Structures are given as structure tokens and as C-alpha cells.
S.K.: 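Take this structure first; my questions come after.
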Protein chains: 2
Amino acid sequence: MIKLNNKTYTCPVDVTLSFIGGKWKILILSHLNIFNDRGFSEIRDNLPGISEKMLVQQLKELERDQLIEKKVLSLKPYRVQYNITPTGKSLSPLFEFLSEYGINYLKEHGIDYMKDQQLYK
Amino acid sequence: MIKLNNKTYTCPVDVTLSFIGGKWKILILSHLNIFNDRGFSEIRDNLPGISEKMLVQQLKELERDQLIEKKVLSLKPYRVQYNITPTGKSLSPLFEFLSEYGINYLKEHGIDYMKDQQLYK
DNA sequence: CGCCGGGCTTACTTTTTGGTAAGTTATTGC
DNA sequence: GCAATAACTTACCAAAAAGTAAGCCCGGCG
């Protein structure tokens, strides 16, 4: 067992998954891996089905873990921009693999995913 | 949204994670990626903290998804052996990456994981 | 004979995760 | 002046994942 920040992990894999686990983080990171300077609603609108509550939550955790960063553009009308960090980018082989594997699996089951997938691939 | 076997997925990544998500599957697969012909309790004893209920459940799902296979050696005293399948093995770059990333992260935070890690690395 | 180990099953509870929906502040556009 | 948009916050609720603990069948061992 590994102890880190008051949490316990069974192994290093567990540690990595603590950053990117959950239903949306990998999708958010994949999106920010392709697009720069994204606003909150731009991200939201490209994640079919996510609730704002979830998005806020995941963005906060990703920021805390330094995989993404948030720039506040203005306060009076509150406007922000999100970008992936180098640390976040270093995970991109993972996203690639997970996505390729999924696409391949779908193909073998008669589902072609390539169309309309410029986003969160 | 992708529909497959009465379930919906947001993207291919989601599909892949449906096979290997959860707290224990990757650890089980990593273990079987290294060791052949493992009995139930051999696996259990190398997964610190897993309950038998969880192990049974995860093994069943991994078998159903054809990432591992189970040989029944004898019925009267019930004895079995688990092995990873080629499909399961094809995921090993993923385990490697997740593990390396975790180990590296731990190193940067002053925790050295290498010792006593012939198992579930 | 009684206990131990292997490979489970079952019932019950807790924790974690995710979803719904409404409300907030402030600006732009008609 | 009213609606829409951006970027959230809050409260409440349901479902899914995981944990706890006990029990079962069978054979080997002392």
C-alpha cells in the first residue's frame, strides 16, 4: 500500500488512475489536447451529456492535479480559458491507446466511429 | 453516443474503459500478464486488500470479456487456473504506461516504489 | 475427528459517483 | 426592458461500486 496525501493506493497504476479516473476526465483532456484556449461552455458543448456540475467538478480536480490550467480573462463579466499543461499532454499516448483500442473494438462489432469525430476522439 | 449491448457510451475511450475500469481489473491483468496458471488464492494473496467477493466478480467479468480464461483442473476438489488471453495481452502497453507514469509521479514526490515489486507492478 | 485451504456464494451496508434542477451575477443584443 | 449567454453554485436524490462478514462444499492432514 502506498500512502500519499492522506489517501492509500494499492499500486502505481492506482495512483495514475486517481488523476484520470472517472467518466469525463479523459474526454476533457482529449478535447483540450486538440483545442487551445477553450471557454467553459465550449468544452461543455463538446461533451455530449455532461452536466455543468460534473464539468465544474472535473475541471477543478484536473486543475488541482496540474493537468490543465485556467486563465481568468475578466472578472466583471466572468470569462475564463482552459488549456492543457505539459503534464497533461504527457498523458496523450494513453488517450491515443484507449481511443484506438475502443475504435478497433467497435469496428470488429460492426460500428464505424470515424464519421463526425473531429472532437473528443 | 454509441450504443452497444443495451449500454450507451460517450466515446471509444468509454468503451475501452468498460473492460478495464474499476479498482482491480488492471491489477489482476497485470498480475496475469506476468504469471501463468494462477489459482484463485494465488491471485488473491498478491492483491493486497481485495475481498474475495470483488475478486470473483472481476474475474468473471474479465472472463466474459475474454481478457482472461479459466481452466477447471478438477471438480471434486474444485481447482482452477487463470491465464491471460491474447486479447488481454494486447492491452499490456496500457498497463506499462499507467504503471510507469505512477512510479514516476511517486518518485517525484519522494516515494520509491521499486523495492519488493516483482508483483502487480 | 476437527481444522485448514481452495474456490467460491450470499446477504447486507456503506461509500462513491453521477444526475436533476434551480438559482446567481453580470454583460450583450434586440 | 427582457431574454440570452457565460461561468458557475447549491441542494437534493438515485444508482453504481465497493466493503463486511458469514457460510458452503470438498478433500487432505495430523
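Small disclaimer: the values here were computed from a predicted structure and weren't measured. In what follows, every chain begins at residue 1, and chains take the letters A, B, ... in the order their sequences are listed.
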S.K.: Would you say the side-chain atoms of Gln58(B) pair up with the backbone N or O of Leu55(B), donor to acceptor, closer than 3.5 Å?
M.R.: no

S.K.: Please step through ring-ring contact (aromatic ring centres under 6.0 Å, His included) for the pair Phe19(B) and Tyr105(A), ending with a clear verdict.
M.R.: CA-CA 11 Å; Phe19(B) 301 130; Tyr105(A) 179 88; 4.7 Å; yes

S.K.: Between dG18(C) and Lys25(A), is there an OP1 or OP2 to side-chain N/O distance shorter than 4.0 Å?
M.R.: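 Indeed not, no polar side-chain atom of Lys25(A) lies that close.
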
S.K.: Report yes or no: does Thr85(B) contribute a side-chain atom to a donor-acceptor pair with the main-chain N or O of Glu69(B) at less than 3.5 Å?
M.R.: no

S.K.: For Ile50(A) and dC8(D), what is the distance between atoms CD1 and P respectively, to the nearest whole Å?
M.R.: 13 Å

S.K.: I need the CZ-C1' distance between Phe40(B) and dC4(C), as an integer number of Å.
M.R.: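 Answer to the nearest Å: 16 Å.
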
S.K.: Check the distance between dG7(C)'s P and Ile28(B)'s CD1 and give it to me in whole angstrom.
M.R.: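 Nearest whole value for this atom pair: 14 Å.
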
S.K.: Take Tyr78(A) and Glu52(A), find for each the nucleotide of DNA chain C with the closest heavy atom, and name the residue whose nucleotide sits nearer the 5' end.
M.R.: Glu52(A)

S.K.: Choosing from dT10(C), dG6(C), dA7(D), which nucleotide comes nearest the side chain of Arg79(A)?
M.R.: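 Nucleotide nearest to Arg79(A)'s side chain: dA7(D).
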
S.K.: Think Lys76(B) has a side-chain N or O under 4.0 angstrom from the OP1 or OP2 of dG6(C)?
M.R.: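 Result: no.
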
S.K.: Once you round it to whole Å, what is the distance between P of dT9(D) and CG of Leu55(A)?
M.R.: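 The answer, rounded to whole Å, is 11 Å.
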
S.K.: So, the side chain of Ser99(A) versus the backbone of Pro12(B): is there a donor-acceptor pair under 3.5 Å, distance only?
M.R.: no

S.K.: Whole-Å distance between dA14(D) C1' and Lys23(A) NZ?
M.R.: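 Interatomic distance, NZ of Lys23(A) to C1' of dA14(D): 13 Å.
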
S.K.: With a non-hydrogen cut-off below 4.0 angstrom, is Val56(B) in contact with a base, only sugar-phosphate, or nothing?
M.R.: base

S.K.: Of the nucleotides dT27(C), dC8(D), dA6(D), which one has an atom closest to the side chain of Ser41(A)?
M.R.: dA6(D)

S.K.: Rounded to the nearest angstrom, tell me the gap between atom CE in Met54(B) and atom P in dA17(D).
M.R.: 9 Å

S.K.: Take Ser51(A) and Leu75(A), find for each the nucleotide of DNA chain C with the closest heavy atom, and name the residue whose nucleotide sits nearer the 5' end.
M.R.: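 Nearest nucleotide further toward 5': that of Ser51(A).
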
S.K.: Could you go through Thr10(A) and Asp14(A), starting from their C-alpha distance and side-chain angles, then the distance that decides it, and tell me whether this counts as side chain to side chain donor-acceptor pair (under 3.5 Å)?
M.R.: CA-CA 6 Å; Thr10(A) 47; Asp14(A) 231 14; 2.9 Å; yes

S.K.: To the nearest Å, how far apart are Ile68(B) CD1 and dG7(C) P?
M.R.: 13 Å

S.K.: Please give, in whole Å, the distance from dG18(C) C1' to Leu59(A) CG?
M.R.: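 These atoms are roughly 16 Å apart.
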
S.K.: Within less than 4.0 Å of OP1 or OP2 of dC8(C), is there a side-chain N or O belonging to Tyr82(B)?
M.R.: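 Answer yes for this pair, as a side-chain N or O of Tyr82(B) is under 4.0 Å from OP1 or OP2.
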
S.K.: Could a donor-acceptor pair under 3.5 angstrom be found where the side chain of Lys53(B) meets the base of dG19(D)?
M.R.: yes

S.K.: Measure from the side chain of Arg44(B), starting at C-beta and using heavy atoms only, and say which of dG6(C), dT9(D), dG27(D) lies closest.
M.R.: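 Taking heavy atoms from C-beta onward, the closest nucleotide is dG6(C).
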
